[in-house]
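Below: the structure, in structure tokens.
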Amino acid sequence: MSVDVDLETRPKLRKQERRKQILFELRLRPHVRISELAGRFRVSTETIRRDLEKLSADGLLDRAHGGALALTSGHYPTFDERATARVAERERIGRRAANLVQPGETLMVDSGSTTLQLARFLAFDGTPCTVITNSFPVAMALGQSEATKVIICPGDYLASESAVIGTDAIEFLERHCVDRCLIGASALSERGPSEAIRGFAAIKRIMLRQSAVSHLLIDGEKFGRKSLAKVGSLSDVSSIISDQAPAEDLAKSLDRANVEVIVAR
């Protein structure tokens, strides 16, 4: 026996469910149109436009005229590939950053090969603190210490990075305020830090916003470079921690923005 379903009487999806369905559609085909989605979900085109703008800001799709496109990107080294490069430099940065954390502080730490070194040194030192992170390797490293309370963000799992991104992760972070955040970046120029993975850029922006003090952990090879997605301005960062001092032009820009430069020896 078949039953006809009246689409007009079918309950409308909630905002989060609707946005998940939009992302699912983009896994099946490369382009979706606003008008088509509005009809399917029985909402206004303006509502769909807001959905797409939010998903784009979270780095989950690309906006296009009249709709949206599935993300396209070139090769970017995976977390494992990055973690095996310049290990000594990352260790120095991680150790120096860990020394900044005071007992009892609350932190946000994002996903990255350099922030993983920070997590390892925090655990080794046994510094009592509470850490919110979107990174499973960071959470596992911190979990080696009984002194650390670890809170993992919900979100869309990105296998190549062993981390979560997306709307759920961002909304979770927005509900918390912390003493300091410690984040990485793919590049740092006079325009500010930037990130190759758009979803990570959105995570970093929220962490900067929700922290009283913010530290950028970045190795000197990334100075003077620019990546796809801007994370923020130089003035959004309290300090940068690196294995080397920046070149003169970038150093002057950091000084004008009142950003402290800490060189890990």
Side-chain angles (χ1 to χ4, degrees), residues 14-17 19-20 50 53-60 79 94 97-112 114-123 125-158 161-185 192-193 195 197-218 229-233 235-241 259:
R14 294 182 178 179
K15 177 173 61 177
Q16 294 305 320
E17 288 300 318
R19 291 175 179 176
K20 288 179 180 179
R50 287 195 296 269
E53 292 294 343
K54 176 61 174 173
L55 292 170
S56 176
D58 291 350
L60 298 176
F79 177 85
N99 289 338
L100 297 174
V101 178
Q102 301 301 306
E105 286 190 332
T106 54
L107 315 173
M108 287 183 181
V109 179
D110 80 324
S111 174
T114 307
T115 52
L116 176 58
Q117 294 296 337
L118 155 75
R120 288 171 173 165
F121 282 106
L122 274 179
D125 293 342
T127 305
C129 56
T130 299
V131 181
I132 302 173
T133 184
N134 68 319
S135 166
F136 286 93
V138 166
M140 292 172 66
L142 291 168
Q144 301 301 310
S145 169
E146 294 182 357
T148 307
K149 179 180 180 181
V150 183
I151 302 171
I152 302 178
C153 298
D156 301 319
Y157 183 61
L158 190 60
E161 298 295 322
S162 298
V164 297
I165 59 173
T167 302
D168 289 340
I170 288 172
E171 292 184 348
F172 180 81
L173 291 170
E174 286 177 333
R175 296 199 297 270
H176 297 81
C177 293
V178 296
D179 296 311
R180 69 178 79 226
C181 72
L182 302 105
I183 66 171
E195 176 58 51
I197 300 174
R198 292 179 60 213
F200 279 170
I203 294 288
K204 295 171 196 290
R205 283 194 293 269
I206 295 298
M207 288 187 172
L208 289 172
R209 189 184 308 162
Q210 301 300 109
S211 305
V213 179
S214 54
H215 308 285
L216 176 66
L217 284 55
I218 187 166
K230 185 176 181 179
V231 173
S233 302
S235 58
D236 294 322
V237 179
S238 304
S239 73
I240 68 165
I241 307 167
V259 179

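Keep in mind it's a predicted model, so treat the numbers as computed, not measured. Reckoned from all heavy atoms, side chains included, excluding hydrogens, waters and symmetry mates. Position 1 is the first residue of the sequence; numbering continues from there.
- Side-chain atoms of Phe136 and Val164, non-hydrogen and from C-beta on, do get closer than 4.5 Å to each other.
- With sequence neighbours left out, the salt bridge (Lys or Arg N to Asp or Glu O under 4.0 Å) criterion links Lys15 to no other residue.
- Between Ile218 and Thr114, every side-chain heavy-atom pair lies at or beyond the 4.5 Å cut-off.
- For the atom pair CG of Leu173 and SG of Cys153, the computed distance is 4.0 Å after rounding to the nearest 0.5 Å.
- Residues Phe200 and Asn134 have side chains in contact (heavy-atom distance under 4.5 Å, counting atoms from C-beta outward).
- Lys20 NZ to Arg14 CZ: the interatomic distance, rounded to the nearest 0.5 Å, is 11.5 Å.
- One finds the CG atom of Leu182 at 6.5 Å from the CD1 atom of Ile241 (value rounded to the nearest 0.5 Å).
- Atoms CG and CD1, on Leu208 and Ile183 in that order, are 4.0 Å from each other to the nearest 0.5 Å.
- Here the side chain of Gln210 pairs a donor or acceptor atom with the backbone of Glu174 at under 3.5 angstrom.
- A side chain to side chain donor-acceptor pair (under 3.5 Å) check over residues 149-158, counting only residues at least two apart or in different chains, returns nothing.
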Give the table of side-chain donor-acceptor pairs shorter than 3.5 Å for residues 125-133, with sequence neighbours excluded, one pair per line with atom names and distance.
from: Thr133; atom 1: OG1; to: Val109; atom 2: O; distance (Å): 2.7
from: Thr133; atom 1: OG1; to: Ser135; atom 2: N; distance (Å): 3.1

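- Residues Leu217 and Gln117 form no side-chain contact, since every pair of their non-hydrogen atoms from C-beta on lies 4.5 Å or further apart.
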